[in-house]
Amino acid sequence: MKKRILIIEDEDILREIIKDYLLDQGYDVQDAKDGKEALTYFQEYEFDLIILDIMLPEIDGWSVCRRIRKTSNIPIVMLTARVDEDDTLLGFELGADDYVTKPYSPKVLLARAKRLLDSRSRQVISPQDTLSVCGISIHSPSRTVFVEGENINVTYTEFEILAYLMLNQGIAITREQLIMKIWGYEYVGDDRTLNTHIRNIRHKLGDRGRHITTVVRVGYKFEVII
């Protein structure tokens, strides 16, 4: 079955370019020209990934992302012409999985989108197992996280980071290792992006977030702390 992608972009020419390119790559594509129309489509249809521009009429991209994250952990790639690092971090805090800065090539966008789409079928642990450590449980087939039995809503990127740290319990993972493992492409930016994801995960885990510790000048580690 074809993967279905929702493109939300108010620039007609750019939207059509992205749509045509993704159609040529074999994806099923729905496009929306503003935030209001996008949310209508999101409520009516099932999608595997969303490509979301920030600067939209009717309802801006920030608000669209926030509303979607209230009910879904569908992968979201945000598009922006703004280069302010704080804008990027805000997007991640709202639940975006990745960012692409304009101008960009369709190939770059496809690579980012494909990474997230592939994560839906990628198994980070044995399909029949649920990994449970310190009251935190992750289930790879459904990509769900539970804290003391309560379902915690995480994004795809947050799930991958948490799963990787838990699978390597007690081992200090460098920032470079995490970036290459999770993003899978040459990283452009600074450590604040990864730090933001870690901060979001800790917050969602509540008191259990203390098990993700910072290893100074190295990276992060999942530790059993009594």
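Scope of the values below: all heavy atoms of this structure, side chains included, with no hydrogens, waters or symmetry mates.
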| message | I'd like to know if the side chain of D97 reaches the main chain of T157, judged simply by a donor and an acceptor atom lying under 3.5 Å from each other, with no hydrogens or angles considered. | response | yes
inquiry  = Run the ring pair (Phe, Tyr, Trp, His ring centres under 6.0 Å) test on Y99 and F92 for me, step by step, so that the C-alpha distance in whole Å, both residues' side-chain angles and the decisive distance to 0.1 Å come before the verdict.
reply    = CA-CA 9 Å; Y99 244 94; F92 286 131; 5.7 Å; yes
Would you find more than 12 non-hydrogen atoms of other residues, nucleotides or ligands less than 6.0 Å from E150 atom CD?
no
When rounded to the nearest 0.5 Å, the distance separating CG of D60 from CG of D34 is 11.5 Å
Can we say R199 and E93 salt-bridge, meaning some charged N sits less than 4.0 Å from an Asp/Glu carboxylate O?
yes
So CZ of R67 and CZ of F42: to nearest 0.5 Å the spacing works out to 12.0 Å
* Check step by step if salt bridge (charged side-chain N to carboxylate O under 4.0 Å, His left out) holds for E148 and R208. => CA-CA 9 Å; E148 299 294 345; R208 299 294 176 178; 2.4 Å; yes
- [ ] Give a yes or no on whether a salt bridge exists between R15 and D10, defined as a side-chain N under 4.0 angstrom from a carboxylate O.
- [x] no
Would E158 and K204 count as a salt bridge (charged side-chain N to carboxylate O under 4.0 Å, His left out) if you check the C-alpha gap in whole Å, the side-chain angles of each, and the deciding distance to 0.1 Å? CA-CA 10 Å; E158 289 167 355; K204 292 180 179 182; 2.7 Å; yes
Report task. Using a strict 4.0 Å threshold on nitrogen-to-oxygen distance, state whether K102 and E11 make a salt bridge. Result -> yes
The reported gap from OG in S105 to OH in Y21 (rounded to nearest 0.5 angstrom) is 7.5 Å
Any side-chain heavy-atom pair of L6 and I51 under 4.5 Å
no
Between Q25 (side chain) and Y27 (backbone), is there a donor-acceptor pair under 3.5 Å? no
Open item on the list: Go through it in stages, so that I can follow the logic: the residues are R69 and I76, the test is side-chain contact (heavy atoms from CB on, under 4.5 Å), and I'd like the CA-CA distance, side-chain angles, deciding distance and then a yes or no.
Closed with: CA-CA 10 Å; R69 279 291 172 255; I76 297 176; 3.7 Å; yes
So CG of L194 and CD1 of I161: to nearest 0.5 Å the spacing works out to 5.5 Å
Q. Where do E37 and E58 land on the side-chain contact (heavy atoms from CB on, under 4.5 Å) test, with the steps shown first?
A. CA-CA 9 Å; E37 184 179 44; E58 299 291 341; over 6 Å; no
Q: Mind telling me whether Y41 and Y45 have parallel, tilted or perpendicular rings, with 30° and 60° as the class edges?
A: tilted
- Task: Please test D98 against R112 for salt bridge (charged side-chain N to carboxylate O under 4.0 Å, His left out), starting from the C-alpha separation and ending with a verdict.
- Result: CA-CA 7 Å; D98 208 344; R112 305 290 181 88; 3.5 Å; yes
- Item | Side-chain donor-acceptor pair present, T155, N73, cut-off under 3.5 Å | no
One pair to check against salt bridge (charged side-chain N to carboxylate O under 4.0 Å, His left out): D28 and R4. What are the steps and the verdict?
CA-CA 5 Å; D28 185 5; R4 174 176 281 189; 3.3 Å; yes
Any donor-acceptor N or O pair under 3.5 Å, side chains Y220, N195:
yes
